[in-house]
2 protein chains.
Amino acid sequence: MSSDELSPSAYVVLGMLGLGASSGYEIKQMVELSIRFFWTISQAQIYPSLAQLEEAGLVVGRSEPRGRRPRRVYALTAAGEEELRLWLQQAEPMPFELRDIGLVKLFFADALEPDDARALLDAVRRRSAERAATLREIEPVANVGAEEGDIYPLLTLRMGIAFHEAMVRVLDEFAGHTLEGR
Amino acid sequence: MSSDELSPSAYVVLGMLGLGASSGYEIKQMVELSIRFFWTISQAQIYPSLAQLEEAGLVVGRSEPRGRRPRRVYALTAAGEEELRLWLQQAEPMPFELRDIGLVKLFFADALEPDDARALLDAVRRRSAERAATLREIEPVANVGAEEGDIYPLLTLRMGIAFHEAMVRVLDEFAGHTLEGR
DNA sequence: TTCTCCATGTAAGTAGTTACATGATTGG
DNA sequence: CCAATCATGTAACTACTTACATGGAGAA
């Protein structure tokens, strides 16, 4: 029972329900506000996932319209909580899948004139700097959550910040040493 | 002429040809050895890409069998070099697409017993530590390339190293401060 | 009244993967 | 002679995205 035919995105839906999201719409919002830095999910995936999870008995849904506007809210069942925990416990290969056109372009930048290469480097640098700044702005919110017992969202946020800051640092060093003597 | 209907992966093929790869097989090897950390491409994509690029006049291919084994080698045309340069110059949105089940699990780890959460954290840490070590081993090779004029591959390699090291650092700090007082 | 947000859903399409199929060459 | 590597190609499938379609609620 409760075999592993759920996609990672279905587990994300399950997890967000566990953290208090209730409608499909809310799940989408929450993903955008919390994990979009390392996971995305489109609304066209969420609703079928919810139906699939309900059929599997991992969530229960009930209609709770806002006025005349239809709305369906979901909650984890005991089986759903268990399934989520099992998935989190389960040691499985965790491929790190980065797909970054920016880094690809930078990799090939020797084919460019120095000035163009430099512009590309700056664009990549700016992107990471901006991302780090955005994430740093969210930190207070995550800190509040951490005081209420959810400490891991704060950890993943810090990882995002740290790693964009690391990119910026390397880019600056490189521009300093390697590029200046040309 | 030379409009932008090429996929990023087609540009990767073009770029690898520019760096000296010649057969589809070699392109695949080169991708695995150099950019697989931030881009992957399956062999089932490479051969059709090559055909498409040839049709567009960006590469020329000729048969160069090894013994009786068929083999087709390609080279960039002037138009292909130009197209690659144009793409590299072109400022376009560069989404940073990370898709990481490890971080997702970590994000939800508050649903686990402390020991299980800790085990998950260690698994993520180990993954980054190993990846950083692997990349550090490649560094001498990239250094050689850098002395021959290809300096940007070294930069992207350093970015990979730095960012996995940053993850390890954050994970260690977190385990130190946040987790110990419980 | 009009705009933005809340809310759900589907259809069509794209990009990519895995797995299969084939077979020659080289080195031990 | 056997395994690993070199080498090319396709078919079937999966996951996911974009765009479309619909419409109520609340605020300005």
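Quick note on labels: first sequence line is chain A, next is B, and so on, each numbered from 1.
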With B/Arg85, which residues qualify under salt bridge (charged side-chain N to carboxylate O under 4.0 Å, His left out), at least two apart?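 Salt bridge (charged side-chain N to carboxylate O under 4.0 Å, His left out) check on B/Arg85 returns B/Glu82.
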Taking the nucleotide of DNA chain D with the nearest heavy atom to each, does B/Arg71 or A/Pro8 sit closer to the 5' end?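 The residue whose closest nucleotide sits nearer the 5' end is B/Arg71.
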Tell me every residue that passes ring-ring contact (aromatic ring centres under 6.0 Å, His included) with A/Phe174, counting only those two or more places apart in sequence or in another chain.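 Once residues adjacent in sequence are excluded, the partners of A/Phe174 under the ring-ring contact (aromatic ring centres under 6.0 Å, His included) criterion are B/Tyr152.
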Taking it one step at a time, do B/Ser34 and A/Phe107 satisfy side chain to side chain contact (heavy atoms under 4.5 Å, CB included)? CA-CA 9 Å; B/Ser34 57; A/Phe107 177 84; 3.6 Å; yes
Between A/Phe37 and A/Phe163 (judged by ring centroids, cut-off 6.0 Å), do the two rings come close enough to count as a pair?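 Yes, the ring of A/Phe37 comes within the 6.0 Å limit of the ring of A/Phe163, centre to centre.
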Which whole-number value in Å describes the distance from [X] [atom1] to [N] [atom2]?
| X | N | atom1 | atom2 | answer |
| --- | --- | --- | --- | --- |
| B/Gln45 | D/dT10 | CD | P | 15 Å |
| A/Tyr47 | D/dC16 | OH | P | 18 Å |
| A/Arg99 | D/dA15 | CZ | C1' | 13 Å |
| A/Leu6 | D/dT14 | CG | P | 16 Å |
| B/Arg62 | D/dA7 | CZ | P | 14 Å |

Do [X] and [Y] make a side-chain contact, defined as non-hydrogen atoms from C-beta onward lying under 4.5 Å apart?
| X | Y | answer |
| --- | --- | --- |
| B/Gln89 | B/Trp87 | no |
| A/Leu171 | A/Leu121 | yes |
| A/Val104 | B/Phe38 | yes |
| B/Glu165 | B/Ile161 | yes |

Could you check B/Leu98 against A/Trp39 for side chain to side chain contact (heavy atoms under 4.5 Å, CB included), going step by step and ending with a plain yes or no? CA-CA 7 Å; B/Leu98 178 57; A/Trp39 200 268; over 6 Å; no
Presence of A/Ser42 side-chain N/O under 4.0 Å of D/dT17 phosphate oxygens OP1/OP2: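 The answer is yes; a side-chain N or O of A/Ser42 sits under 4.0 Å from OP1 or OP2.
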Any side-chain N or O of A/Thr40 under 4.0 Å from OP1/OP2 of D/dT17?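 For A/Thr40, the contact criterion (side-chain N or O under 4.0 Å from OP1 or OP2 of D/dT17) is met.
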Protein-nucleotides 24-28 of chain D N/O pairs under 3.5 Å:
{"residue": "D/dG24", "atom": "N2", "partner": "A/Arg69", "partner atom": "NH2", "Å": "3.0"}
{"residue": "D/dA25", "atom": "OP1", "partner": "A/Arg68", "partner atom": "N", "Å": "2.7"}
{"residue": "D/dA25", "atom": "O4'", "partner": "A/Arg69", "partner atom": "NH2", "Å": "2.8"}

A/Arg36 backbone acceptor or donor facing A/Thr40 side chain under 3.5 Å: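 Here the side-chain-to-backbone pair does not exist.
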Donor-acceptor under 3.5 Å (B/Arg72 side chain, B/Gly61 main chain):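 It does hold such a pair.
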Residues touching DNA chain D, which here means a heavy atom under 4.0 Å, drawn from residues 21-31 of chain A: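 The stretch gives none, as no residue of it lies under 4.0 Å from the strand.
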If you draw a 6.0 Å radius around CD in A/Glu113, do more than 12 non-hydrogen atoms from other residues or ligands fall strictly inside?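 Atom CD in A/Glu113 is not crowded, with 12 or fewer foreign heavy atoms closer than 6.0 Å.
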Are A/Glu83 and A/Tyr11 linked by a side-chain donor-acceptor pair shorter than 3.5 Å?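 Short answer, yes.
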Which atoms form the tightest heavy-atom contact between B/Met30 and B/Ala21, and what is the distance?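 For B/Met30 versus B/Ala21, the nearest heavy atoms are SD-CB, 3.5 Å.
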D/dT8 base / B/Gln43 side chain donor-acceptor hit below 3.5 Å: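 Per atom types, the contact qualifies.
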Inter-end axis angle, the helix from C/dT1-D/dA28 to C/dG28-D/dC1, with every axis fitted to five base pairs (rounded, 10 degrees):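 Answer rounded to 10°: the end axes differ by 30°.
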Nucleotides bounding contact with chain B, strand DNA chain C, heavy-atom threshold 4.0 Å: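 Under 4.0 Å from chain B, the extent on DNA chain C is C/dG16 to C/dT25.
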